[in-house]
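Letters A, B, ... mirror the listed sequences (proteins, then strands); counts begin at 1.
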Amino acid sequence: MGTETYVLNQKEAMILWEPDNLEEAIRKKLQLADEAMYIAGGTLIQLKKEQGVIQPEHIIRLDHLPELASLQMVEEGDQVQLEIGSLVSLADCHSNQLIKDNWCLLSESALQVASPAIRNRATIGGNIAYGIGDLIPALLVLDAKVTWVNANGQQTGELSSFLKKDASKNALITMVILPESSQATKAFNWYHKVGRREAFIPSLVTAAGFGYWNEDLELEHIRLALGGGASLPNRLIECEEYLQGKRMEDIRLEVLYELVLAEFQPASDPFASTSYKKKVAANLLVSEMEKLI
Amino acid sequence: MADSKKTLLNPPIAMKKIMITINCQAIEEEVNPTTRLVDILRNHLHLTGTKISCGIGRCGACSVLLDNKLVNACMVMAYQAEGSQVITIEGIEQDGLLHPIQQAFLEEGGFQCGYCTPGMVLATKALLEENAHPDDNEIKTALSGNLCRCTGYGGILRAVRSARDRML
Amino acid sequence: MSKSKERIRPDGRGKVTGSLKYLTDLTFPNMLYAKVLRSEYPHAEIHSISTVRAEKLPGVKAVITHKDVPGLNRFGIVTPDQPVLCEDRVRYVGDAVAAVAATSFEIAEEAIKLIDVEYKPLPVLDAPEKSLEDGALRLHEEGNVLHQTGYKHGDVGKGFEKCTFIVEETYHLPRQMHTYMETEGGVVVPENDGSLTVYIGTQHGYKDRFQLSRILNMPEDKIRIVSSPMGGSFGGKDELNIQPYATLLALKTGVPVKIHQTRKESVISGIKRHPMKITMKVQLLHIK
C-alpha cells in the first residue's frame, strides 16, 4: 500500500533517538533542549499529536530503559520507603500488592485515570510530567518525593516543590518516592475524582485527603490536596493549618467549607465554572471530614 | 548547546526495520517514528478486524493484546512494539473454532453494527485472563475504554457474563 | 442458552471474528487515497484557488475543484443547495473546496496543505435571528429562510381563555452529533464498462445514486451503490458525505479511490442535528 512509498516531509518528520542508557538519554535532552521531548508510554503525546499540537522535532525514547522500571522497598535510615521507577505503569500502580497494602491512595487514584488499555501504557512519571495528572493530588497527600535530572544535575525533592518550580522544565523524572506509610490505627484517607461521567473522563475536580488522630483524639497529621481540569494540583495549606491539632469536637465544618472556597482557585473550562468546581471541592472535603467526626 | 558529535549516542532513526510477532507469525516491517501499530495491522497487513475510529485511545475499537496486555493500537507506536507478541481479533479463534468469548457474543447478541465488537472481545479476553470471576463492577471497569455507539451495552454485558461462566 | 441460540444473527459470525469487511476496510489493486480540503472559515468569499503546487507533489494523481464537477455542483436530499465543491463562497467551517487523490493518505494530506486558497472573510451569521435581520447577507440566492410551515385548527385564543394554567417558555436544544463508530468512507471503483461501483456506507442507496447521477451527469443505471455493512449511522449517513469526492476522483483517475475520514475530519464535516430554539405556549385545563 501507498504508505511504503511515502517520504517524510522534512518539516513534519519526527526524529527518534533510542539511547542505550539513562545517561545518554539525559545528555541528548540537554543538547537538544526544547527541540526534543522524552517519550515513555506516549499516550498523552499521541493524543496531543492528533489534536494538532505542534510537537518537538526530536523524541527521546525512554520506555526501553530498565533503570526506570524498578519498584522496590528501600531502607533509608530507620525508615523504609517505596521507590517507584518513573516507567511503572498506572496499571501496576493500581495492582501492585505493596502499593495496595501501604499506599492505597496511589492504587485508588491510578484506577481513576483513563481506561485499562491506556493504564497499561501510561506511566507514573508521565502522569507527573503532565503537571495536572490525576495521581498528583494523591501523591501530594502521601508526601511523595521525586527524583529528577535536568541541566542542574540529579535532585530529589518534594513533589509539591518540583511542580511549582521551573524544575520540571526539561526534566527527566526518574523515580517517585513514597515515605513509610503511617501505622497509626486511627488513620484515614480518601480520594475522589469528579468528571462529567463515571469513567474515562477528564476530571473537573480531583481531591485527596490523608491523616491520623493521636491518642487524645487530636488531628496529629493532616494532608489535603485538590486539582482537576487544567488546574495545577495543590495542597490546601491553610485548611490543613486550621485542622492541624484540633480535637474532633472543635472542628467547625462551616469554617472549613469557607476556607476551601477561599483557598482552592481552579480555572474554569468550557464545561464547568470556577465557582462550580470550588463548590464541588468544598462539598467533597467537608463531607469527608464530617464522616470522621 | 553542547556539541552533538561528542556523544556516543546511536544515530537518530527516521526509518527502522522492526520485528513483531503478530498472531504467532513473525513479521518484519519498515516503520518511521510516527507509524502506529494500527497502521501496520490495517494498512500493511490488511488485518482489518482491528478497527480505527477515534485515533486517540478513547474508543477502544483498535484494542489488541500486546504481550498479553490490552492496548489501543492507535496509541502504540510501531517502534514500541518491537520484539513483542501482538494478538488481534484474527488471532483468537482456536483450531478454526470460535473462542468461547466470541461464541458468547454471538449467542447473546453482544453487538449491533459490530464495529466495536473486535475491541470488546479483546477487552473481555484481557479481563478474563487476569480475573476469572469478575463481578459486574469489574466487568464495567474492564470495558470502560470500549465505546459502543449503538448502545448495545446490555447485550455486551450479558455476553461477558456468559463468557465468564462458560470459561470456568 | 438454547433460547438465545435460536436468535443467532446471520451477520454475527463475521462481526465477532472481525472477518466482516466494512466498506472502509476494502482495498483494491492500484487504489488511490483521497483527502478533502475544507474551509477554515465559517463564512468567506473565495478569491482564488490554485492547485499548482499540490499537483507537483510526487504521488499526487489528481486534484479537483468545482471546475471538475460535470453536472449539478449541488447536493441535498430535499433541497439541493449545498455545494459539492465551493465556487466563490464558503458558508461553514468544513465546506469542501478541493480534493486530492494520491498514492497514500499521507501524501494526499500533504497535498491538501499545498492548495492555495485566497479567502476574504465575511460577517458570520451564527444565529437564525441574525440571519433574518434587515440587511443580513443573503446566504443563498433565495434568501435565508429554508422552510416555513404552519398548521391551524380551531380557535386557540378562545381555548387559552378557559384554561387554568398557561406555561410559555423558550427551550434551547444543543447541536447533536451521531458519532457513529465507523467514520465516513469507503472505496469507489470505476468498472471496465464505464460504470461506477460505490462502496460507501449510506442509509439511502437509491438517493445516493440519484444525487451522484445529478452531480456526475451520468445515467443512474451506470452507478451501483453498495451501502453496507456500515459501522453505525443513526441518521447521520442519510445525506451524501464524501461520496461526491471519491466518485469525481475515481472518474478523473480511472482507478479505485478510497476515502476514510479521521475522527477529526468527521467531527468537522459530518452532518449533525441542528440546534433548536423552540418557543411553546401550553395550556392546562382543569376538567372536573
Let me know if Ile92(B) has heavy atoms under 4.5 Å from chain C in its side chain, its backbone, both or neither. neither
Separation of Leu85(C) CG from Leu248(C) CG (nearest 0.5 Å): 6.5 Å
In terms of relative ring orientation, are Tyr115(B) and Tyr22(C) parallel, tilted or perpendicular, with 30° and 60° separating the classes? perpendicular
Part of Met181(C) within contact of chain B (heavy atom distance under 4.5 Å): both
Residue part contacting chain B, namely of Thr183(C), when any heavy atom lies under 4.5 Å: side chain
Contact part of Lys21(C) toward chain B, heavy-atom cut-off under 4.5 Å: side chain, backbone, both or neither? side chain
When you compare the side chains of Thr17(C) and Arg13(C), does any donor N or O come within less than 3.5 Å of an acceptor on the partner? no
For His260(C), which atoms come within 4.5 Å of any heavy atom of chain B: side chain, backbone, both, or neither? side chain
Bottom line for Gln102(B): the part with an atom under 4.5 Å from chain C's heavy atoms is both
Option from Glu30(B), Glu82(B), Glu29(B) for which side chain to side chain donor-acceptor pair (under 3.5 Å) with Lys16(B) holds: Glu82(B)
What part of Thr24(C) lies closer than 4.5 angstrom to a heavy atom of chain B: side chain, backbone, both or neither? both
Quick one: pull up NZ in Lys113(C) and CZ in Arg53(C) and give me the separation to the nearest 0.5 Å. 12.0 Å
Residue part contacting chain B, namely of Leu20(C), when any heavy atom lies under 4.5 Å: backbone
If you measure from OG1 on Thr262(C) to CD1 on Ile268(C), what distance do you get to the nearest 0.5 Å? 7.5 Å
